Amino acid sequence: MVAEDSGRDRTLHQRILGDIESRIVSGAWPPGHRLPFEVDLATQYGCSRMTVNKVMTQLAKSGLIERRRKSGSFVTQPQAQSAVLEINDIEAEVRSLNLAYGFRLTERVLRKAGEEDLRLIDVPPGAPLLVLSCVHMGGPRPFCREERLISLATVPEADRADFSATPPGQWLIGQVPWSAAEHRIRAVNASADMAATLAIAKGTACLVVERRTWSGQGAVTHVCLTYPGDSHTLMARFTPASQ
């Protein structure tokens, strides 16, 4: 009988865990949502409170919920971690959080490089540029806004690419080998336009990652990625220099 009870507890544990995870990942329980109390879940599933407590502990360790003493358990805001010195695929970042990924292209313009562009991308005045803007989604929320310049002198095939179907960064990673990259990281307060795009309040702290890449033929792209500050962190790993 003990073995049967243990097996039943394991089955219930997986069922409760799966039910709660699916509600969080689907957005049915959004960040900040308070989960039912353990005693109520135990009654709902017809199991011991200890079984529910183990589920909550596992959810907290995985970062899906936050347990607050005397207040209950709450859904956390997912946080993506990007390596500072790596060029990551945004879709992969989103899916690593167990969130559905989507994106929409909001601007596509061909123009000649002007004075402002020359400060961003290493091209001569008047060089042909493809200007792209898009919004990447993580589940029901905007994940980041992308503003990108592509040098058509270096990547002429970009003019024919369908960036409404394939995200620009993903396309470039697959099509254009890069030989050098430069990152610039800063914090900004969201303007009214950025706040509307990211569905956050005006003035909210945002993390901005700017990147320039080059290939053997010249400058490839400049991209500015803006993330809501509470949903993204940057990570770097270092090793000591050899003596």
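Nothing here was measured: the structure is a model prediction, and the numbers come from that model.
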* Answer yes if the side chains of Thr197 and Arg145 hold a donor-acceptor pair under 3.5 Å, and no otherwise. => yes
* Could you state whether Ile150 and Leu110 fall into the same hydrophobic cluster, counting links through intermediate Ile, Leu, Val, Met, Phe, Trp or Tyr residues with side-chain heavy atoms under 4.5 angstrom apart? => yes
* Just do the salt bridge (charged side-chain N to carboxylate O under 4.0 Å, His left out) check on Glu21 and Arg23 with the steps written out, would you? => CA-CA 5 Å; Glu21 283 183 339; Arg23 289 187 175 99; over 6 Å; no
* Got Asp122 and Trp214 here, is their nearest side-chain heavy-atom distance under 4.5 Å? -> yes
* Using distance alone, with no hydrogens and no angle criterion, decide if Glu210 and His183 have a side-chain donor and acceptor under 3.5 Å apart. => no
* Nearest 0.5 Å, what's the CD1-CG distance between Ile90 and Leu225? -> 4.5 Å
* Asked: Can you name the nearest heavy-atom pair linking Ser179 to Gly216, along with the distance?
  -> OG-N, 3.9 Å
* To do: For the residue pair Trp178 and Ile173, establish whether any side-chain heavy-atom pair is separated by less than 4.5 Å.
  => no
* To do: Could you give me the CA-CA distance, side-chain angles and deciding distance for Phe37 and Arg49, then say whether side-chain contact (heavy atoms from CB on, under 4.5 Å) is met?
  => CA-CA 10 Å; Phe37 290 110; Arg49 186 171 175 179; over 6 Å; no
* Determine, step by step, whether Glu107 and Glu147 satisfy the side-chain contact (heavy atoms from CB on, under 4.5 Å) criterion, reporting the C-alpha distance in whole Å, the side-chain angles of both residues, the deciding distance to 0.1 Å, and the verdict. => CA-CA 9 Å; Glu107 181 183 36; Glu147 298 164 283; over 6 Å; no
* Within the side chain of Thr51, is there an N or O that forms a donor-acceptor pair under 3.5 Å with the backbone of Cys47? -> no
* Structure fact -> Rounded to the nearest 0.5 angstrom, the CZ-CZ distance for Phe103 and Phe143 is 15.0 Å
* Can you tell if the side chain of Leu41 reaches within under 4.5 Å of the side chain of Met56, non-hydrogen atoms only? -> yes
* What pairs with Arg160 under side chain to side chain donor-acceptor pair (under 3.5 Å), at least two apart in sequence or on another chain? -> none
* Heavy-atom check, side chain of Pro167 versus side chain of Tyr101, under 4.5 Å -> yes
* For residues Ser215 and Thr154, determine if any side-chain heavy atom of one lies less than 4.5 Å from a side-chain heavy atom of the other. => yes
* Step-by-step side-chain contact (heavy atoms from CB on, under 4.5 Å) determination, Leu130 to Leu132 -> CA-CA 6 Å; Leu130 178 61; Leu132 303 168; 4.0 Å; yes
* To do: Using the side chain to side chain contact (heavy atoms under 4.5 Å, CB included) rule, pick out the option among Val223, Thr221, Ile185 that qualifies with Arg211.
  => Val223
* **Nearest atoms (heavy-atom pairs only) where Ala190 meets Ala201** => CB-O, 4.2 Å
* To do: Taking only Lys NZ, Arg NE, NH1 and NH2, and the carboxylate oxygens of Asp or Glu, determine whether Asp117 and Arg111 approach each other closer than 4.0 Å.
  => yes
* Given the rule in the side-chain contact (heavy atoms from CB on, under 4.5 Å) test, do Thr226 and Leu207 qualify, once you have shown the distances and angles that lead to the verdict? -> CA-CA 6 Å; Thr226 304; Leu207 178 69; over 6 Å; no
* Asked: If two hydrophobic side chains count as joined below 4.5 Å and joins carry through other members, does Val39 share a cluster with Tyr45?
  -> no
* To do: Could you tell me whether Arg108 sits above the aromatic face of Phe163, with NZ or CZ closer than 6.0 angstrom to the six-membered ring centre and within 45 degrees of the axis?
  => no
* Structure fact -> Closest non-hydrogen atoms of Leu105 and Ser164, given as atom of the first, atom of the second and distance, are CD2-N, 4.0 Å
* Hey, quick one: are Leu120 and Val123 part of the same hydrophobic cluster, counting side-chain heavy atoms closer than 4.5 Å, chains of contacts allowed? -> yes
* For residues Ala158 and Leu152, report the shortest heavy-atom separation together with the two atoms involved. => CB-CD2, 4.0 Å
* Asked: Can you tell me if Thr57 and Arg67 form a side-chain donor-acceptor pair at under 3.5 Å?
  -> yes
* To do: Test side chain to side chain donor-acceptor pair (under 3.5 Å) on Arg148 and Ser133 and set out the steps.
  => CA-CA 6 Å; Arg148 184 181 292 273; Ser133 295; over 6 Å; no
* **Thr213 vs Leu172 side-chain heavy atoms within contact, under 4.5 Å** => no
* Asked: CG of Leu59 to NZ of Lys54: how many Å apart, nearest 0.5 Å?
  -> 14.5 Å
* Asked: Between Asp19 and Ile16, is there a donor-acceptor pair closer than 3.5 Å when you use the side chain of the first and the backbone of the second?
  -> no
* Structure fact -> In terms of heavy-atom contacts, Tyr227 and Leu198 come closest through C-CD1, 4.5 Å
* **Co-membership, hydrophobic cluster, residues Val75 and Val52, 4.5 Å side-chain** => yes
* Structure fact -> Separation between CG (Leu64) and CG (Asn98), nearest 0.5 Å, reads 7.0 Å
* Taking the side chain from Ser73 and the backbone from Leu35, do they hold a donor-acceptor pair closer than 3.5 Å? -> no
* To do: Flag yes if Val208 and Ile200 sit in one hydrophobic cluster, no otherwise; membership is Ile, Leu, Val, Met, Phe, Trp, Tyr, and two members link when side-chain heavy atoms are under 4.5 Å apart.
  => no
* Asked: Hey, are His13 and Gln58 close enough side-chain-wise for a donor-acceptor pair under 3.5 Å?
  -> yes
* Looking just at side-chain N and O atoms, do Asp193 and Ser191 make a donor-acceptor pair shorter than 3.5 Å? -> no
* To do: With rounding to the nearest 0.5 Å, note down the distance linking CD in Glu157 to CD in Gln175.
  => 6.5 Å
* Separation of Leu118 CG from Glu116 CD (nearest 0.5 Å) -> 9.0 Å
* To do: Indicate the atoms forming the closest heavy-atom contact of Lys202 with Ala192, along with that distance.
  => CG-N, 4.1 Å
* Asked: So do Val155 and Trp171 actually touch side chain to side chain, heavy atoms under 4.5 Å?
  -> yes
* Between Arg184 and Glu182, is there a side-chain N and carboxylate O pair less than 4.0 Å apart? -> no
* Asked: Going by heavy atoms in the side chains, are Ser151 and Val220 under 4.5 Å from each other?
  -> no
